[in-house]
**Student:** 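Pasting in a structure now, in structure tokens, and then I'll have a few things to ask.
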Amino acid sequence: MSLKPTLKPLLPRRYFQLVLMLLCWPAPLFADNLPVFELTLKDHLFSPSTLQVPAGKKVKIIIHNQDPNPEEFESFSMNREKVILGNSSGVVFVGPLQPGTYPFTGEYNPDSAKGQLIALPEAQWQALQAGGNDAD
Amino acid sequence: MLINTVILLLRELLPVVLLLSLLLAANPAAMRTILLRVLLLGAPLLLLQSSQYSLLAELLEGQGLEFWYACCYSLCALFIAALLLQKQQHHWLAAAAVVALLLVNGSNLVLYLFLYPRQLDDSQSLWLGAALGSGISLSIAVLMYHLVLELRWHWRQVAAVLLCFSAARQISAAVFILHQMDWLGGAAPVWSQHLWIDESSELGYFLNALLGYKSSPSQGQLLAWSLTLLVLLALRQRESTS
């Protein structure tokens, strides 16, 4: 007679089906048409320190860590954190955000590596884009 | 440097030691066994993972590390759920649950403490901060362990209920990562409670580590957390009455 305890079936199949059904509402797996923004981290400083993005839309932020040391991009208000190894890049998807200011920091060097992301309402975003196009 | 290190240690170590304290409080007789298995399993796996950071980070178009973390969180929740629904204690499951979480939180600590070259003065502050942060986290875990043991005299299911919350926390953390990778929808925040309990405060860290508290949870996180908690509580209730 085997004395080894046997594991019962873990969870009912219906639980997994329900979870998958409720969690898989429309979301692009590979979003190629999102606005893309770039942040550079060098000498423990983010550049630009203020990033303006459109409110109400999901955006893609590419963070280039040009320092040799890893850094953790973190923002409690945007609910995002990501470790980016030295001399490498990382991608963070953010939003859709309400209009407002969202601070972020480099967790490993919070005194110097900090910035803010400003989500602009549609009208202001369009005006900013138009101003940029006029300058070109 | 000192304060930053204390906060980082607190944030990364507290979830692991709190989970360990709950598992040990649920099965005090197996403390030495579980601790030994966590050490035997966790140390080599953490070292192996640390040696492969760059490789992992480059997979899946730079999102390999996050995908791996989401898998670890999910495995942790799965192991906790398996423990809750078994009548007999499985010490390897308990150890595996802690190790799965250790691989996520421990990797950040390894990166910060060991893979980050510093000046000598900064190193002294770093290790002092690490000692303080570890001490605070372990103290809280020991207090939680004894509190749960005491509460068990009045309410036998307290450890199991808190483990349900812990499993829900891990699932919520996995969903958080999938939002960040844009692999899952429902990333818009449901509310913001920064004015009530700030997630970056000491109480916020503790509530996040124990229950998965988020001051700005997304729809997906809230749904996953609630669903996991309700299902596990219901299944646990059914298991305990059968």
**Student:** Using the ring of each side chain (for Trp, its six-membered ring), is B/Trp183 parallel, tilted or perpendicular to B/Phe67, with breaks at 30° and 60°?
**Tutor:**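 The rings of B/Trp183 and B/Phe67 sit tilted, inter-plane angle from 30° to 60°.
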
**Student:** Chain B heavy atoms under 4.5 Å from A/Gln98: which part of the residue, side chain, backbone, both or neither?
**Tutor:**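 For A/Gln98, there is no contact with chain B at all, as no heavy atom is under 4.5 Å.
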
**Student:** Does any heavy atom of chain A fall under 4.5 Å from the side chain of B/Ser54, the backbone, both, or neither of them?
**Tutor:**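 Both parts, heavy atoms under 4.5 Å.
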
**Student:** Does any heavy atom of chain A fall under 4.5 Å from the side chain of B/Tyr69, the backbone, both, or neither of them?
**Tutor:**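 Neither part, no heavy atoms under 4.5 Å.
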
**Student:** Sequence neighbours excluded, which residues qualify as ring pair (Phe, Tyr, Trp, His ring centres under 6.0 Å) partners of B/Phe165?
**Tutor:**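 B/Phe165 satisfies ring pair (Phe, Tyr, Trp, His ring centres under 6.0 Å) with B/Trp225 once adjacent residues are dropped.
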
**Student:** Chain B heavy atoms under 4.5 Å from A/Val83: which part of the residue, side chain, backbone, both or neither?
**Tutor:**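 Only the side chain of A/Val83 comes within 4.5 Å of chain B.
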
**Student:** If we define contacts as heavy-atom pairs under 4.5 Å, which of B/Glu58, B/Glu66, B/Gln221 has the most with chain A?
**Tutor:**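 Looking at each option in turn, the highest pair count goes to B/Glu66.
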
**Student:** Any carboxylate oxygen within less than 4.0 angstrom of a Lys/Arg side-chain nitrogen, looking at A/Lys58 and B/Asp182?
**Tutor:**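 Salt bridge: yes.
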
**Student:** Quick one: list whatever passes side-chain contact (heavy atoms from CB on, under 4.5 Å) with B/Leu163, sequence neighbours left out.
**Tutor:**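 By the side-chain contact (heavy atoms from CB on, under 4.5 Å) rule, B/Leu163 matches B/Leu19, B/Leu22, B/Leu23, B/Ala26, B/Ile80, B/Leu84.
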
**Student:** State plainly whether the residues A/Glu74 and B/Arg11 are in salt-bridge range, i.e. N to O under 4.0 Å.
**Tutor:**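 Between B/Arg11 and A/Glu74 there is a salt bridge, with a charged N closer than 4.0 Å to a carboxylate O.
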
